[in-house]
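Right, one structure below, let's go through it.
As the structure is a computational prediction, the values presented were derived from the model and not from experiment. Order of appearance sets the numbers: ligands from 1, and atoms from 1 within every ligand.
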Amino acid sequence: AQYCLTLLPCWSECTQLPNVPNAKVVDRKTSYQKGDSVSFNCDTGFISGRQIRFLCSDSGWTPAPGGVCRLKPCPLPEDIPNGYYLMSIGDEFAFGTTIKYICNEGYQMGSKEDTRTCLLDGWSNHVPVCEPLSCDVPPQTPGVTVKGLPSEGEYILPDRFLSFSCDSPDSTLNGSATLICGKNGQWDHPFPNCLDLCTLPSSNPNMKVTVPAGHSVTVECVRDGSSTQLQCLRSGQWSSTFPTCTNTKNCGPPPPLENGDFLASGQTFRQNSRVRYQCQAVYVMEGEPYKTCLNGEWTGEIKCLKPCTVNPDLMGPNNLRFKHGSKQKLYAPHNDHITFTCIDGTYPVGSEGMRRICEDGVMRLPTCA
Ligand SMILES: *[C@@H]1O[C@H](CO)[C@@H](O)[C@H](O)[C@H]1NC(C)=O
């Protein structure tokens, strides 16, 4: 039925478009009248057998024989050897569905992508591959020999074992000599390495005692009570000279020091004892203020450097006086300066200046004339 009023547009049974799920109308018009038809296209990812059409009749929209829009299907996914797939998103092999491949026990995923998604043009990604679980090939290390490796390109399968040995008789294996590839594709021990050996001194020529690199020994000399820790380096050398414990003697009292003194008491001092010295006032210590007892001798160079004294008797012949102050006499410790000036009516001789340094009790005075 169609009702037309003068001022309003015609009203027909076909005002409202039919509701077609997952589809959009083609060429929408503002109004439809009896005899008009309307078509729908499926949304992306959906398909229908033939195009969906409706005809406007007296009783409203009548569907033409067609179909509905349903999800676009994908072909049945490929099966893989040594694995299977599960539906991960969705429940039919159709657009938007994702499947996930899983490897059987004893196998591991060898492909980067283990999922495939049904897209417009079929399944995404490649068919994944399940590889047998296998252990890593040991790294090649100089000085280490590995036996039991499979040929190039072959997997190291569970239960396979490798044996390791060191090439040099002067080195020792650090770790297990036999490694077994486990069911989980992991070795039962870390790969071993070879460590060089350090030899301990021995008085018996038929006996060789060694320590592997990375280990330490402590050597104690019983007579003087000294103790030294040595480490066996990667090179098979000891970290410092091995003590002999033969010529270590105690020292007597420390030697006296001119213009100084030491801070210790006692008649005998052990190996490595250290005694502190200090200089008398105005004297300056040169070097480390210690002497050390080594094999019965006190070692360490120490000196107390002398101050300089300047008085009128010294300045008179050179026509000098002190620049600052009216003192009769001045002291300057080692490395300190005194500045002079000429007495009235005289002038400096030479170009060395009037500021002079004291060097271990010696100061070269300037001259005025
Ligand atoms: C000895 O082997 C262990 C275990 O693999 C390792 O941690 C260590 O660093 C090795 N020692 C040396 C000195 O290389």
Worksheet item: What heavy-atom pair brings Ile338 and Val310 nearest, and what distance separates the two atoms?
Response: CD1-CG2, 3.9 Å
Please indicate, with yes or no, if any protein heavy atom is found under 4.0 Å from [atom]?
atom                    : answer
atom 11 (N) of ligand 1 : yes
atom 14 (O) of ligand 1 : yes
atom 4 (C) of ligand 1  : no

Discussion item. Check whether Asn318 reaches the backbone of Pro366 with its side chain - one donor and one acceptor, N or O, closer than 3.5 Å.
Written reply: yes
Worksheet entry | Note: Arg234-Asp196 ion pair, threshold 4.0 Å (strictly below) | no
Fill in: Parallel, tilted or perpendicular: rings of Phe269 and Trp298 (30°, 60°)
perpendicular
Discussion item. Among all the protein's non-hydrogen atoms, which is closest to atom 9 (O) of ligand 1, and how far away is it?
Written reply: Asn174 ND2, 4.8 Å
